[in-house]
Each structure stands twice: as C-alpha cells, then as structure tokens.
Amino acid sequence: MLASMAKLKAGRMMRLVTDGCLQYWGGAGYLWESPTARAFRDSRLASIGGGADEVMLQIISKAMGTLPRSNHG
Ligand SMILES: Cc1cc2nc3c(=O)[nH]c(=O)nc-3n(C[C@H](O)[C@H](O)[C@H](O)COP(=O)(O)OP(=O)(O)OC[C@H]3O[C@@H](n4cnc5c(N)ncnc54)[C@H](O)[C@@H]3O)c2cc1C
C-alpha cells in the first residue's frame, strides 16, 4: 500500500513540476529540442507505466477496505 501511495504521489508530483517548468520557459520550453519538453513528456510515463494512477488508487482503496463494491455481483 505504501509503495502504491509513493508511486501515485511521485507521478502526480512529476506532472506538476514539469508542467510548471514548461510554463516558466514558455515557447522555448515547448520546443521538442528543449530539455523541458523532454522532461514534460518523459514524466508522464510515471502515471501510466507499471500500473496507471487509477490502478494505484484501486490497490490503495482495496488495502484500506474502502473500494466500492459492484452492484452487478
Ligand atoms: C515507454 C514505455 C516503456 C514500457 N516498458 C515496459 C516494460 O519494460 N515492461 C513492461 O512489462 N511494460 C512496459 N510498458 C507497458 C506499461 O507498463 C503499460 O503501458 C502500463 O501498464 C499501462 O498499460 P496500458 O498502456 O495497456 O494502458 P491501459 O491499461 O489501457 O490504461 C489506459 C488508461 O486507462 C485507465 N485505466 C486502466 N486501468 C484502470 C483501472 N483499473 N481503473 C480505472 N482506470 C483504469 C487509466 O487512466 C490508464 O491511464 C512500457 C510502456 C511505455 C509507454
């Protein structure tokens, strides 16, 4: 559960930080050649690869016993 929490938080944080960097650098940061654009794209993988954020939320809520039950059996 703690590992899923850490992965979820790290993914969200990376998105926030690289988005802020891109905004700071403006058009220069947007260019494909810039390290900012590279970091912006690369950081998105953290919330997708190895289980998406939604999967982490599912694992955490299961471990906490708060996962809503399906009404369809
Ligand atoms: C650059 C890169 C490198 C990779 N390297 C490896 C590797 O070395 N080894 C390896 O095994 N795999 C690797 N992968 C695959 C990676 O692990 C999968 O992309 C990842 O698990 C997500 O699966 P998916 O792409 O099929 O997306 P999907 O499972 O189709 O998910 C797409 C979206 O659907 C939603 N979603 C998915 N499941 C749920 C759910 N249960 N509840 C709610 N919403 C949900 C989420 O919003 C998610 O972002 C790599 C992928 C990339 C892009």
Side-chain angles (χ1 to χ4, degrees):
M1 183 176 70
L2 287 175
S4 295
M5 285 176 168
K7 183 180 180 299
L8 178 69
K9 185 69 187 174
R12 287 177 170 177
M13 188 60 78
M14 283 166 76
R15 290 159 69 175
L16 198 69
V17 169
T18 54
D19 186 69
C21 291
L22 191 60
Q23 192 65 28
Y24 174 81
W25 284 102
Y30 184 79
L31 295 174
W32 274 126
E33 303 83 58
S34 82
T36 311
R38 176 72 196 263
F40 183 79
R41 183 172 188 245
D42 284 357
S43 67
R44 286 302 276 113
L45 185 61
S47 290
I48 297 171
D53 279 3
E54 289 78 8
V55 176
M56 295 305 113
L57 287 170
Q58 216 167 21
I59 293 169
I60 295 163
S61 57
K62 243 185 220 173
M64 294 176 82
T66 55
L67 185 70
R69 287 192 185 175
S70 165
N71 291 327
H72 309 292

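Values reported hereafter were calculated over all heavy atoms of this structure, with side chains retained and with hydrogens, waters and symmetry mates removed. Whatever order the structure lists ligands and atoms in, that order sets their numbers, starting from 1.
Within a 6.0 Å sphere centred on CE of Met1, other residues, nucleotides and ligands contribute more than 12 heavy atoms.
Near ligand 1, residues Leu45, Ile48, Gly49, Gly50, Gly51, Ala52, Glu54, Val55, Gln58 each place a heavy atom inside the 4.0 Å sphere around the ligand atoms.
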Contacts table for residues 59-66: side-chain donor-acceptor under 3.5 angstrom, sequence neighbours left out:
{"residue": "Ser61", "atom": "OG", "partner": "Leu57", "partner atom": "O", "Å": "2.9"}
{"residue": "Ser61", "atom": "OG", "partner": "Gln58", "partner atom": "O", "Å": "3.1"}
{"residue": "Thr66", "atom": "OG1", "partner": "Ser61", "partner atom": "O", "Å": "3.4"}

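When all heavy atoms are compared, the tightest approach of Gly11 to Ala46 is CA-CB, 3.9 Å. Residues Phe40 and Asp19 approach most closely at CE1-OD1, 3.6 Å, considering heavy atoms.
Lys7 places no side-chain N or O within donor-acceptor distance of the main-chain N or O of Asp53, the cut-off being under 3.5 Å.
Between atom CZ of residue Arg38 and atom CG of residue Leu31 there is a gap of 15.5 Å, rounded to the nearest 0.5 Å.
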